[in-house]
Amino acid sequence: MIQVIAKDVMEKFNLKLISGEEGIGRYITTSDISRPGLEMAGYFTHYPADRVQLLGKTELSFFEMLPEEDKISRMKRLCSDETPAIIISRDLQVPKELIDASNENHVPVFVTNQTTTWFSSRLTNFLESKLAPTTAVHGVLVDVYGIGVLIMGKSGVGKSETALELVKKGHRLVADDSVEIRQEGENMLVGSPPPLLEHLLEIRGIGIIDIMTLFGASAIRPYKRITLIIELETWDPEKFYDRLGLDEEKMKIIDTDVTKLTVPVQPGRNVSVIIEVAAMNYRLKKMGVNAAEEFSRRLDDMLVVNDEMDDY
């Protein structure tokens with residue numbers, strides 16, 4: 001499980017550490033950010049202590065109006081045992097009461113020169129990406145006409161060879177063999193390669209090849225949203241395969257259902273062309289153009305006309 005600590009945020013956003021240095025190893029477990037305005041006013045009943053606390057101009061200007069006794073008590077309550085970090089925006093001066101409380105409870109206090117809203121948005125995006133639910137699947141992820149296609153199937157069915165042919169046609173490889181998948185939002189899966197396998201493709205009989213070295217930087221992508229799954233399987237003459245495309249199969253990955261197509265593989269079938277067409281057809285469907293439904297409608301109209309002719 002990927003974990004984020006306060007030090008990671010400090011290094012990512014080049015924050016200045018003011019106090020509470022012993023707490024920079026505290027874990028951040030949620031991507032939610034808290035702006036403790038009510039807490040500055042003394043209301044701690046529902047204080048979300050496990051969130052990063054972001055103090056801006058509004059919170060600090062109100063804080064300066066408080067009596068000295070309230071300042072001390074509220075900063076001590078703000079620096080709880082669960083608080084992962086406190087960040088001051090706009091390069092504002094950090095109150096002495098906060099510095100004392102943070103050093104006492106080992107809560108790191110950072111300062112950024114960015115505006116509160118802008119920094120909050122960037123930090124939320126960073127934490128959502130890092131803390132997103134993750135999994136790994138055996139397959140190949142390719143960017144085909146802007147569609148993230150996850151090619152799956154049993155070992156030896158031809159996934160990597162198909163990906164190589166797609167790259168030669170100008171499409172882009174994301175990951176081969178193992179695809180790390182993160183759920184970065186509702187119905188949004190993003191796939192990327194493990195660091196060890198980045199840019200690499202395994203072809204039986206040749207070995208490991210570096211796609212970026214062979215085909216250039218335009219042939220690879222560091223990550224891609226997964227919107228279509230294509231499972232390759234050896235042709236089974238006893239199995240019925242969908243010939244119209246009216247029924248849409250789904251595959252669940254983490255909490256997201258992804259459209260899945262099963263493509264039988266046998267000599268003479270150009271799988272890379274089939275995947276290209278599948279990606280283009282998927283895009284057309286999202287634009288409201290469905291050839292299978294149009295064919296079904298025409299067939300129904302023809303049957304109605306024939307029935308009317310028979311009645312006549």
Side-chain angles (χ1 to χ4, degrees), residues 1-5 8-9 11-14 28-32 121-153 159-203 208-232 250-261 272 275-276 278-280 282-283 286:
M1 179 181 177
I2 297 176
Q3 294 179 318
V4 181
I5 60 175
D8 296 332
V9 174
E11 294 174 348
K12 170 67 178 178
F13 297 101
N14 195 26
I28 300 173
T29 59
T30 176
S31 61
D32 294 330
S121 176
R122 291 186 63 201
L123 179 58
T124 299
N125 291 338
F126 170 74
L127 293 177
E128 282 183 347
S129 176
K130 286 294 185 181
L131 298 174
T134 61
T135 188
V137 299
H138 177 63
V140 181
L141 181 57
V142 187
D143 179 354
V144 182
Y145 296 127
I147 302 296
V149 180
L150 178 61
I151 306 172
M152 304 183 70
K159 300 184 296 296
S160 297
E161 290 79 1
T162 301
L164 178 60
E165 192 167 353
L166 288 168
V167 168
K168 286 190 65 179
K169 291 180 176 182
H171 306 292
R172 294 188 282 182
L173 175 72
V174 181
D176 176 52
D177 190 49
S178 177
V179 183
E180 294 183 347
I181 302 176
R182 305 187 309 276
Q183 175 133 8
E184 294 194 352
E186 187 177 0
N187 297 324
M188 185 173 180
L189 299 174
V190 176
S192 59
L196 182 65
L197 303 177
E198 199 170 14
H199 310 158
L200 302 181
L201 191 68
E202 179 193 355
I203 303 296
I208 304 295
I209 61 175
D210 190 318
I211 292 297
M212 187 171 73
T213 303
L214 288 175
F215 298 97
S218 63
I220 56 100
R221 282 198 62 150
Y223 57 87
K224 181 64 182 175
R225 180 179 180 180
I226 300 171
T227 49
L228 180 64
I229 297 173
I230 294 183
E231 182 168 4
L232 304 181
K250 297 284 188 178
M251 178 176 176
K252 193 178 189 69
I253 299 179
I254 307 180
D255 290 326
T256 300
D257 291 323
V258 185
T259 300
K260 177 186 172 186
L261 302 175
S272 66
I275 291 177
E276 285 182 314
M280 290 187 288
Y282 175 85
R283 173 175 284 179
K286 291 301 178 183

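Worth knowing before you read on, the calculation uses all heavy atoms, side chains too, and leaves out hydrogens, waters and symmetry mates.
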Side-chain contact test, heavy atoms from C-beta onward, threshold under 4.5 Å: evaluate it for [X] versus [Y] and give yes or no.
| X | Y | result |
| --- | --- | --- |
| Ile253 | Leu150 | yes |
| Val144 | Glu276 | yes |
| Ser178 | His138 | no |
| Ile209 | Leu200 | no |
| Lys250 | Val258 | no |
| Arg172 | Val167 | no |
| Asp257 | Met251 | no |

Practice item. Would you check if the side chain of Asp8 reaches a backbone N or O of Ile5 as a donor-acceptor pair within less than 3.5 Å? Key: yes
Review point. Counting distance only, does the side-chain N/O of His171 pair as donor-acceptor with the main-chain N or O of Val142 below 3.5 Å?
Key: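 Checking the backbone N and O of Val142 against the side chain of His171, no donor-acceptor pair under 3.5 Å is found.
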**Study point:** Stepwise side chain to side chain contact (heavy atoms under 4.5 Å, CB included) test for Leu141 and Val149
**Key:** CA-CA 6 Å; Leu141 181 57; Val149 180; 5.7 Å; no
Roughly how far, to the nearest 0.5 Å, is the [atom2] atom of [Y] from the [atom1] atom of [X]?
| X | Y | atom1 | atom2 | answer |
| --- | --- | --- | --- | --- |
| Ser160 | Ile203 | OG | CD1 | 5.0 Å |
| Leu127 | Lys12 | CG | NZ | 11.0 Å |
| Glu128 | Gln183 | CD | CD | 11.5 Å |
| Glu165 | Ile275 | CD | CD1 | 9.5 Å |
| Thr124 | Asp32 | OG1 | CG | 7.5 Å |

Check your understanding: Is there a side chain to side chain contact (heavy atoms under 4.5 Å, CB included) between Leu164 and Phe215 once you walk through the steps?
Key -> CA-CA 10 Å; Leu164 178 60; Phe215 298 97; 3.9 Å; yes
Minimum heavy-atom distance between [X] and [Y], given as atom pair plus value:
| X | Y | answer |
| --- | --- | --- |
| Val174 | Tyr223 | CG1-CA, 3.9 Å |
| Ile230 | Ala278 | CD1-CB, 3.8 Å |
| Leu131 | Ile28 | CD2-O, 3.7 Å |
| Ile254 | Pro133 | CD1-O, 3.4 Å |

Practice item. Sorted by first residue and then second, give each salt bridge (charged side-chain N to carboxylate O under 4.0 Å, His left out) pair with at least one member in residues 214-226; sequence neighbours left out. Key: Asp143-Arg221
Practice item. Evaluate the criterion side chain to side chain contact (heavy atoms under 4.5 Å, CB included) for residue pair Val140 and Val179; output intermediate values, then yes/no. Key: CA-CA 7 Å; Val140 181; Val179 183; 5.9 Å; no
Check your understanding: With His199, which residues qualify under side-chain contact (heavy atoms from CB on, under 4.5 Å), at least two apart?
Key ->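 In terms of side-chain contact (heavy atoms from CB on, under 4.5 Å), with neighbours along the sequence ignored, His199 is linked to Asp210, Met212, Ile220.
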Counting only pairs under 3.5 Å, give me each side-chain donor-acceptor contact of residues 184-196, with atom names and distances, residues two or more places apart or in other chains.
unit_1, atom_1, unit_2, atom_2, d
Glu184, OE2, Ser129, OG, 3.4
Glu184, OE2, Arg182, NE, 2.9
Glu184, OE2, Arg182, NH2, 2.3

**Study point:** Chi angles and distances behind the side chain to side chain contact (heavy atoms under 4.5 Å, CB included) call for Ile229, Ile151
**Key:** CA-CA 6 Å; Ile229 297 173; Ile151 306 172; over 6 Å; no
Check your understanding: Does a side chain donor of either Glu180 or Thr134 reach within less than 3.5 Å of an acceptor in the other side chain?
Key -> no
